[in-house]
There are 2 protein chains.
Amino acid sequence: MKIAENTINRLIVYKKELNRLATDGLSNVYSHKLAHLSGFPSHLVRRDLMNVGYNGSPAHGYNVTELEKCIADFLCTPESVRVILVGVGNLGRAILDYCQQQNPKISIVAAFDKDKNKVNKVYHSIYTFHIDSVKNYIKENNIDVAIITVPAAEAQEIASALVESGIKGIVNFTPVRLQVPAEVYIENLDMMLGLEKVVYFVNGD
Amino acid sequence: MKIAENTINRLIVYKKELNRLATDGLSNVYSHKLAHLSGFPSHLVRRDLMNVGYNGSPAHGYNVTELEKCIADFLCTPESVRVILVGVGNLGRAILDYCQQQNPKISIVAAFDKDKNKVNKVYHSIYTFHIDSVKNYIKENNIDVAIITVPAAEAQEIASALVESGIKGIVNFTPVRLQVPAEVYIENLDMMLGLEKVVYFVNGD
DNA sequence: TTTGAGTTGTGAAAATTATCACAATGTGAG
DNA sequence: CTCACATTGTGATAATTTTCACAACTCAAA
């Protein structure tokens with residue numbers, strides 16, 4: 001069954017909130033509470049959970065840990081995912097740091113840059129290689145996902161190289177709309193776009 | 001007329017691509033080309049442009065600079081927007097830097113942190129104030145939009161304080177779902193969520 | 001002038017997504 | 001046991017969003 005992208009977004013949010021509830025020691029939760037925590041209406045929560053195929057109880061709602069696991073299974077979250085990052089600028093280094101504090105299942109295993117002053121250095125405990133070695137690295141280590149944080153002018157060239165080496169998904173932090181084959185999944189995380197959207201909704205209507 | 005959030009996203013993308021076309025010296029563009037550049041189908045481009053009320057010519061397509069201005073007007077993009085940033089960690093500093101390289105109409109005018117070692121310092125030419133002064137700053141300078149890059153544990157407390165002071169829109173880089181009144185617009189830019197989504201679409205289907 | 005190629009703008013249809021409303025269910029108190 | 005209550009799961013409905021298809025238009029060339 002095909003699931004809408006928005007549904008996936010929400011499921012990821014539910015999963016995170018469930019995880020937090022679990023660490024808080026709660027064992028069950030009602031759709032209303034999950035709705036309140038995640039910011040979506042409760043009937044959407046229930047509808048989304050229909051998709052993952054987990055059944056709650058009318059009396060106790062959902063079992064927190066079971067539902068979390070069920071969503072994780074549904075999202076096919078593998079036990080560990082290895083990701084690379086290209087572009088060790090301010091933003092790239094911040095992401096190297098940030099990622100380690102979050103989901104331990106997803107880890108950045110290598111960074112790449114063209115600047116010789118950065119190559120062979122370690123940032124936030126991630127080793128930086130020269131960009132020329134990225135193709136080999138991807139192939140030898142079977143990497144599927146890359147994060148791009150290079151300057152806008154280099155983004156397309158880098159993306160093409162990554163795709164050529166077999167990358168299947170890219171988190172794109174540059175403002176450039178990357179041109180890649182349809183089977184490569186691109187998640188654009190343009191911070192400026194986010195800011196502009198907020199400005200629109202605050203100003204306009 | 002009410003415009004869907006996705007439409008707003010696309011319009012912002014069109015605007016950026018148009019800007020790039022303009023600097024490249026092109027004077028007009030067809031919906032197909034704009035579609036290719038932005039990654040959306042051409043009939044969606046035309047449908048979206050219907051909303052902003054700009055009319056192209058069947059022979060020459062759209063005038064690049066006029067359309068760009070028209071979209072900007074539609075999005076109510078003010079001549080200049082002043083934004084503050086709360087949380088001068090690695091990510092916060094990277095954003096301070098990144099923002100200045102992009103849209104010159106939107107500028108971060110002040111940063112805030114609770115760490116005394118950061119207060120009164122200047123990062124990427126933005127002055128850092130103590131977090132205790134943020135409420136006054138917002139009121140005195142009439143700030144509408146804030147960027148939150150504090151640790152997850154402090155996010156909600158900060159958000160509540162900002163809202164109390166009159167903030168109308170927040171770009172939230174923390175993984176926390178902020179609880180705010182409905183009239184405050186929140187844009188969640190959770191990098192981990194983006195990564196997880198890519199992992200899902202790469203792995204699963 | 002007339003024809004033809006290529007594009008826009010848009011009504012209408014299709015597909016998708018969200019909302020509603022309520023039957024079915026499980027629980028605990030009396 | 002039975003009843004009242006609160007919640008889930010879901011068919012049906014409504015709303016939204018996208019896609020299709022083509023008439024209307026512009027220009028250039030013959």
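Below, read A as the first sequence line, B as the second, and so on, with proteins coming before strands; counting in each chain starts at 1. For clarity, every value in this text was computed on a predicted model and none was experimentally measured.
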Checklist entry - Within less than 4.0 Å of OP1 or OP2 of dT18(D), is there a side-chain N or O belonging to R10(B)? => result yes
Next on the checklist: If you assign S57(A) and T7(A) each to the DNA chain C nucleotide with the nearest heavy atom, which residue ends up on the more 5' nucleotide?
Outcome noted: T7(A)
Item to check | Distance, rounded to the nearest Å, where D48(A) contributes CG and dT19(C) contributes P | outcome: 11 Å
Checklist entry - OP1 or OP2 of dG9(C) sitting under 4.0 Å from any side-chain N/O of Y62(B)? => result yes
Checklist entry - Do the side chains of V119(A) and F129(A) get nearer than 4.5 Å, heavy atoms only? => result no
Checklist entry - L44(B) CG to dT10(C) P: how many Å, rounded? => result 16 Å
Item to check | Separation of dT19(D) P from M50(B) CE (nearest whole Å) | outcome: 16 Å
Checklist entry - Could you give the CZ-to-P distance, from R46(A) to dT19(C), as a whole number of Å? => result 12 Å
Checklist outcome for this item: N55(B) CG to dC25(D) P, in whole Å, measures 12 Å
Next on the checklist: If you apply the rule salt bridge (Lys or Arg N to Asp or Glu O under 4.0 Å), what do you find for E164(A) with K135(A), and how did you get there?
Outcome noted: CA-CA 8 Å; E164(A) 208 181 296; K135(A) 289 190 176 188; 3.1 Å; yes
Checklist outcome for this item: Rounded to whole Å, the CG-C1' distance (N28(B) to dC27(D)) equals 13 Å
Next on the checklist: Closest-nucleotide mapping onto DNA chain C: is P58(A) or E5(A) further toward the 5' terminus? I mean the 5' end.
Outcome noted: E5(A)
Checklist entry - Does a side-chain N or O from S31(A) land closer than 4.0 Å to OP1 or OP2 of dT8(D), or not? => result yes
Checklist entry - Considering only heavy atoms and no angle criterion, is a donor-acceptor pair shorter than 3.5 Å present between the side chain of R47(B) and the base of dT19(D)? => result yes
Next on the checklist: Can you measure L49(A) atom CG to dT7(D) atom P for me and round it to whole angstrom units?
Outcome noted: 16 Å
Checklist entry - Are the charged groups of D144(A) and R82(A) less than 4.0 angstrom apart, N to O? => result no
Checklist entry - How close or far is atom C1' of dG9(D) from atom NE2 of H32(A), stated in whole angstroms? => result 13 Å
Item to check | V198(A) vs I170(B) side-chain heavy atoms within contact, under 4.5 Å | outcome: no
Checklist entry - Quick check: are there more than 12 heavy atoms from other residues, nucleotides or ligands sitting under 6.0 Å from NE2 of H36(B)? => result no
Checklist entry - Taking for each residue the nucleotide of DNA chain D bearing the nearest heavy atom, is the 5' side occupied by H43(A) or by A59(A)? => result A59(A)
Checklist outcome for this item: Picking from dT18(D), dT10(C), dT27(C), the nucleotide nearest the side-chain atoms of N6(B) would be dT18(D)
